[in-house]
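Note that the coordinates shown come from a computational prediction; the quantities given were computed from them, not determined experimentally.
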Amino acid sequence: MYLLLTTTCFNSLYRYYYHQSEDVRLRLNSISRLSTIAAALGPERTRNELVPFLVDMNDDDDECLMAVAEHIPSLVTSVGEDEFVHALLLPLESLSTVEETVVRQKAVEGLVKVGERCDRASAMEHFCPLVKRLATGEWFTARVSACGLFACALEKVSSNGNGGEEEKKMIVQLRSLFGQLCDDETPMVRRAAATNLGKVAEASVEDKQFINDEVLKWFGKLTADEQDSVRLLAVDDCVSLSKLVSEEERLKSIVPVALKFSSDTSWRVRYAVAQQIYELCEIIGADFAREDLFPAYENLLEDAEAEVRIAAAAKVSKFCALAGPERSRENIIPRVRELAKDASQHVRAALASVVMESAPTLGKEETVNQLLPIFLVLLKDEFPDVRLNVIGKLDQVNEVIGVDTLSKELLPAIKDLAEDRHWRVRLAIIEYIPILATQTGESSFLFSKEASTSDSENNSAEDVLNSLCLRWLADPVSSIRQAAGQNLQNLTALFGSAWAKEHVIPKLESLLQTEKNYLVRVTVASTLGMLAEKVDEGDITGTLFPIAKAAAADSVANVRFNIAKSLEKMAKSVSAGSAIRTEILEVLDGLKADADVDVQFYASEARNAF
């Protein structure tokens, strides 16, 4: 039965392609079953029938061709032993020469996977000649694909350096061909060569003379290319080649190129340098980088193009750690101060996400004097993403400057952000409050009942916190209201039942009694259940349950069925057989008889849980 089904699939695949079914989905469905078909056909029929069919297949749809290129490598276990894997090279070779880029890329990936399964003899007989054919192809697409195969071919032929004369001759030929591609007349080929130069060098890592004499020569040609699309890809080679050459060659051949690229006329090249310069500095060491590469990075922070400044700003904290506190204070922080006022909101957003990570490097005093003013400027930025990125890093600076200083500095900003017109900013502040509370404790400036009254409005921190909670619970955005309830639950878990009883529960009771907006009352009703999971049983009996019992008579059904959900949580949080549980169940029985079907449903669900 299985063989019959598979034969039918193969016949369907044959019919769809030789009669060119116009339904692409049917063709894709057939292609997706290649592994199943091959497994049923067996290794010999797969090699003799399925693979030749794939070679001859001529599809004009790029999606189908990409699917074929993606599925052919999965047949490596279906063609027999590794000595037969080379049979899959031919269909992939034809796919690697098509015009569509994504198809070629999939074909090259497949060729590499198949090539890695070939042994040395098979690589010499089949894989390397394939690479040579592609590298000398008349059409540029073949030569582009060839660039991605040289590293695999060289690794196979030169593995362990135990090859004979034929292998050594093949290595020389492959290297020579790759060198020609580095100087190809077509920019797309040179781009592919630049992309794979580092991989070719890694494949020949044991031959230091080849890297120093040939690879660095090709590298020099690519870095001087007239096309900026080639030069920017050569930037990546600066890092990969730096790991393979000696320190002398690094300083002689690679660092000067990076410096030249940092002031390249093309902003895309400078952008690539800004992304890679930190990795290069790490490789050559801070002592050597301090003289040349650090000034180059500092200039990138002031680049005329916003994209370059974005990439450079994202590396600020890493460079501060590498440069040390003194150089950071004198050369990097002044430029960061200007970036905080940059005309591009994306530059400011990139800076906001990393600037406070420099606090451990600078230390407490310099962080307070230098970074905190920048931090507060970004916290009040008009662009919401900037504010969000800053809020996400608030906890990192606490450990450096101390929570008391931070709390006093942040309190005015938090009050402003609590009313931010962008709801995601308000949500980020809500999520930050428990983190700050964890680090500061109940007696901190933000959460203490006896906090000082030093702010301009002469409000205590208790009033500030309660005010924030009330605003968030009554927020017009549902996600904010839900997060506000979760926030109160987290604070209760942190500060304890007594804190909630004194600071939170009275406010919730007031909202249920006086708030006209039923959505707010719904939120409060849900919050009662959240708090029930964190407070003591005595507080459920004395405060939460009486409030919920009164709210069970609310005029809006949505409030009543949320009360039913909260009563279930209260009942689970008290002792079985206790008087308070009996009272809770009685209220639920009353809600089961409610006129609204939704209230009846949720009350029954809660009641049936017991």
Exercise. Does D237 reach the side chain of S240, with side-chain heavy atoms less than 4.5 Å apart?
Worked result: yes
Seminar exercise, completed: The residue among K315, R327, R290, R309 that forms salt bridge (charged side-chain N to carboxylate O under 4.0 Å, His left out) with E298 is R327
Exercise. Quick one: do the Q345 and D385 side chains pair a donor with an acceptor below 3.5 Å?
Worked result: no
Problem set entry | Heavy-atom donor-acceptor pair, N389 side chain to A349 backbone, under 3.5 Å | yes
Exercise. Any sub-3.5 Å donor-acceptor pair from S204's side-chain atoms to A201's backbone N or O?
Worked result: no
Problem set entry | E202 side chain reached by L244 side chain, heavy atoms, under 4.5 Å | yes
Problem set entry | SB check R348 D381 (cutoff 4.0 Å) | yes
Problem set entry | Heavy-atom check, side chain of Q276 versus side chain of D236, under 4.5 Å | yes
Exercise. Any side-chain heavy atom of R143 sitting closer than 4.5 Å to one from T186?
Worked result: yes
Exercise. Side chains of S35 and S74: do they bring a donor and an acceptor to under 3.5 Å?
Worked result: yes
Seminar exercise, completed: NZ of K169 to CD1 of I171, rounded to nearest 0.5 Å, is 13.5 Å
Seminar exercise, completed: Separation between CG (L95) and OG1 (T141), nearest 0.5 Å, reads 11.5 Å
Problem set entry | Close aromatic pair by centroid cut-off 6.0 Å: F150 and W218 | no
Exercise. Do the side chain of R335 and the main chain of N331 share a donor and acceptor less than 3.5 angstrom apart?
Worked result: yes
For this session: Compare all side-chain heavy atoms of M124 with those of V157 and state whether any distance is below 4.5 angstrom.
Result: yes
Problem set entry | Any L65 side-chain heavy atom under 4.5 Å of E100 side chain | no
Exercise. Does a salt bridge link E214 with K217, judged by any charged N lying under 4.0 Å from a carboxylate O?
Worked result: yes
Problem set entry | Backbone N/O of V245 and side chain of R250: donor-acceptor pair under 3.5 Å | yes
Exercise. When you measure from the centre of the six-membered ring of F261, is the NZ or CZ of R231 under 6.0 Å away and within 45° of the axis?
Worked result: no
For this session: May I ask you to decide if F210's main-chain N or O and D207's side chain share a donor-acceptor pair within less than 3.5 Å?
Result: yes
Exercise. Distance-only, no hydrogens or angles: does the S176 side chain make a donor-acceptor pair with backbone N or O of Q173 under 3.5 Å?
Worked result: no
For this session: Supply the atom-to-atom distance L232 CG to Q275 CD, rounded to the nearest 0.5 angstrom.
Result: 10.0 Å
Exercise. Is the centre of the F294 ring less than 6.0 Å from the centre of the F319 ring?
Worked result: yes
Exercise. Do L174 and C128 have side-chain heavy atoms sitting under 4.5 Å apart?
Worked result: yes
Problem set entry | Backbone N/O of S122 and side chain of H126: donor-acceptor pair under 3.5 Å | no
For this session: Determine whether F219 and C238 make a side-chain contact, defined as any pair of heavy atoms from C-beta on separated by less than 4.5 Å.
Result: yes
For this session: Taking K156 for its side chain and C118 for its backbone only, find out whether a donor-acceptor pair lies under 3.5 Å.
Result: yes
Exercise. Under 4.0 Å between a Lys/Arg side-chain N and an Asp/Glu carboxylate O for R268 and D228?
Worked result: yes
For this session: Using modelled atom types only, decide if a donor and an acceptor are shared between the side chain of S358 and the backbone of C320 within a distance under 3.5 Å.
Result: no
Exercise. So, are R270 and E305 salt-bridged, with charged N and O less than 4.0 Å apart?
Worked result: no
Problem set entry | With R337 via salt bridge (charged side-chain N to carboxylate O under 4.0 Å, His left out) - residues at least two apart | none
Exercise. Can any side-chain N or O of R104 pair as donor or acceptor with the backbone N or O of E99 at less than 3.5 Å?
Worked result: yes
For this session: Working to the nearest 0.5 Å, report the span between CD of E282 and OG of S242.
Result: 12.0 Å
